[in-house]
Amino acid sequence: MADEVILLDFWPSPFGMRVRVALAEKGIEYEYKEENLSDKSPLLLKMNPVKKQIPVLIHNGKPVCESLIIVRYIDEVWKHKSPLLPSDAYQRAHAMFWADYVDKKIYSLARQVWLSSGEEHEAGKNELMGCFKLLEGELGDKTYFGDDTFGIVDVALIPFYSWFYMFEQCGNMSIEAECPKLVAWGKRCMEKESVSKSLPDQHKVYDLLMDLKKKFLAK
Amino acid sequence: MAEPVKLFGVWASPFSWRVETALKLKGVKYEFIEEDLTNKSDLLVKYNPVHKKIPVLLHKGKPICESLVILEYIDETWKGISILPEDPYERAIARFWAKFIDEKCNHALWTACWSKDNEQEKAIEEACEFLKTLETQLKGNKFFGGETIGFVDIVANFIGFWLGIIQEAVGLELLTVEKFPNLCKWIDNYVNCPVIKANLPPRDELLAYFKARQQPPTGPKY
């Protein structure tokens, strides 16, 4: 019996991108449904009544929510291709630690750089760069965070590569100058079809985020 | 001979308690190393340089950090009672509720207990909404894990034990049997579950610990 896989998503969302990348890595066919977050569909509200957020993966009618939880689900169900987590328990814990770090730190700081001003903006920008440097240290000279194989930490972080142009414009900073290895890693990941087909263009993201910023500040 | 397992924690911390519970469920012998968070040991900083927080599990000389990550590591490494379900969908559901409780509920409850005036009013409202969600999710089950305790129950320990004590310490009535009968019944099942009961920190000592504080100890993660 063929699997029915639906993804409720919003194109510039880094969280949605994680799921797109994971599905592409596994070669899973699915139906993509774009959500309007200012007018959420009855399907989204039904499938994620607690958080009412994208992404939501609907697999044979059953919803899975929270991007990294969805990525792990995809990895566990479609386990015969492109594993996203190592098989060794310690290495898995190590990978999940860093995926969790990305999950807890990067988006809130990204938002600060995007939307805030003054001292809050400066603090956000500095802290974000600090996080990128720490991640760059963890990456070291490896090809990917997963070492030779593209893994869950790469999946967790790479969507933010599509937000780099916005960080640089809004933060008046050069990520390449401060974290050259991280940018090189981003470019390497973008050479993978699963990533390049899942991430939107950085300029397109920037334009949309600036539009949203105007609306946000007008409120 | 098996390598010693060590756990860096704080006796009053719900986070290190989660790890102890999981180790005890699996029958794993371990050495508990009490940390003074006002004067963190060199070892703690060495083993958790990123966050410098407890709990840290040390197994075969290698550190694992972040309580939810540690719980899954324990479940995968040692046989015995399963903490997470076997089925991938059930696992995803358990992870979802654990994350919801750990990140949303606990933060709101903590703020509700320790804030004042308008901030407290707002925090209480938010905390009650989250508790209502959990109340519905329990659906009259004995535990979040069904008939036996599991991942979500272990992670919900703050609600299961600490919340009642802090409520008493600060004089707040948030989680009442009138408003949340399912949750109160769950708490009762929880604290009477043998492995939980044997492992809980002494109630009177924990109460004194929180009463002694004018300010909360540096927020929920300590």
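In the text below, chain A, chain B and the rest are named by the order of the sequence lines, each starting its count at 1.
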Open item on the list: On a heavy-atom basis, which atom in B:Pro88 and which in A:Tyr73 lie closest, and how many Å separate them?
Closed with: O-CD1, 3.6 Å
Task: Contacts of type side-chain hydrogen bond (donor to acceptor under 3.5 Å, both in side chains), residue A:Asp75, not counting sequence neighbours - done: A:Lys26
Open item on the list: Using only non-hydrogen atoms and a strict under-4.5 angstrom cutoff, which residues of residues 78-91 of chain A touch chain B?
Closed with: A:Ala89, A:Tyr90
TODO: Let me know if B:Lys60 has heavy atoms under 4.5 Å from chain A in its side chain, its backbone, both or neither.
DONE: neither
Task: Side chain / backbone / both / neither for B:His59 at chain A, heavy atoms under 4.5 Å - done: neither
Task: Side-chain heavy atoms of A:Tyr101 within contact of B:Glu66, under 4.5 Å - done: no
Task: Beyond-backbone contact of B:Phe96 with A:Val64, side-chain heavy atoms, under 4.5 angstrom - done: no
Open item on the list: Quick check on the structure: residues of residues 125-140 of chain B within a heavy-atom distance below 4.5 Å of chain A, by number.
Closed with: B:Thr133
Task: Over 12 foreign heavy atoms within 6.0 Å of NZ, A:Lys192 - done: yes
TODO: Determine whether more than 12 heavy atoms belonging to other residues, nucleotides or ligands lie under 6.0 Å from atom NZ of B:Lys26.
DONE: yes
Open item on the list: If we define contacts as heavy-atom pairs under 4.5 Å, which of A:Lys51, A:Met96, A:Arg92, A:Lys62 has the most with chain B?
Closed with: A:Lys62
Task: Gap separating the CD1 atom of A:Ile69 from the CZ atom of B:Phe100, nearest 0.5 angstrom - done: 12.0 Å
TODO: Mark yes when over 12 heavy atoms from residues, nucleotides or ligands other than B:Asp42 sit less than 6.0 Å from its CG; otherwise mark no.
DONE: no
Open item on the list: Between A:Val77 and B:Tyr89, is there a side-chain heavy-atom distance shorter than 4.5 Å?
Closed with: no
Task: Closest approach of A:Ala93 to B:Ile64 (non-hydrogen atoms, all atoms of both residues) - done: CB-CG2, 3.8 Å
TODO: Give, as side chain, backbone, both or neither, the part of B:Arg95 having an atom under 4.5 angstrom from any heavy atom of chain A.
DONE: both
Task: Contacts of residues 70-81 of chain B with chain A (heavy atom under 4.5 Å) - done: B:Glu72, B:Tyr73, B:Glu76, B:Thr77
TODO: Could you look at A:Pro49 and say if it's the side chain, the backbone, both or neither that has a heavy atom under 4.5 Å from chain B?
DONE: neither
Task: Straight-line distance of A:Glu66 CD to B:Trp97 CH2, nearest 0.5 Å - done: 11.0 Å
TODO: Run the salt-bridge test on A:Asp103 and B:Lys99 with the 4.0 Å N-O cut-off and return the result as yes or no.
DONE: yes
TODO: Would you indicate whether the side-chain heavy atoms of B:Lys62 and A:His94 approach each other to under 4.5 Å?
DONE: no
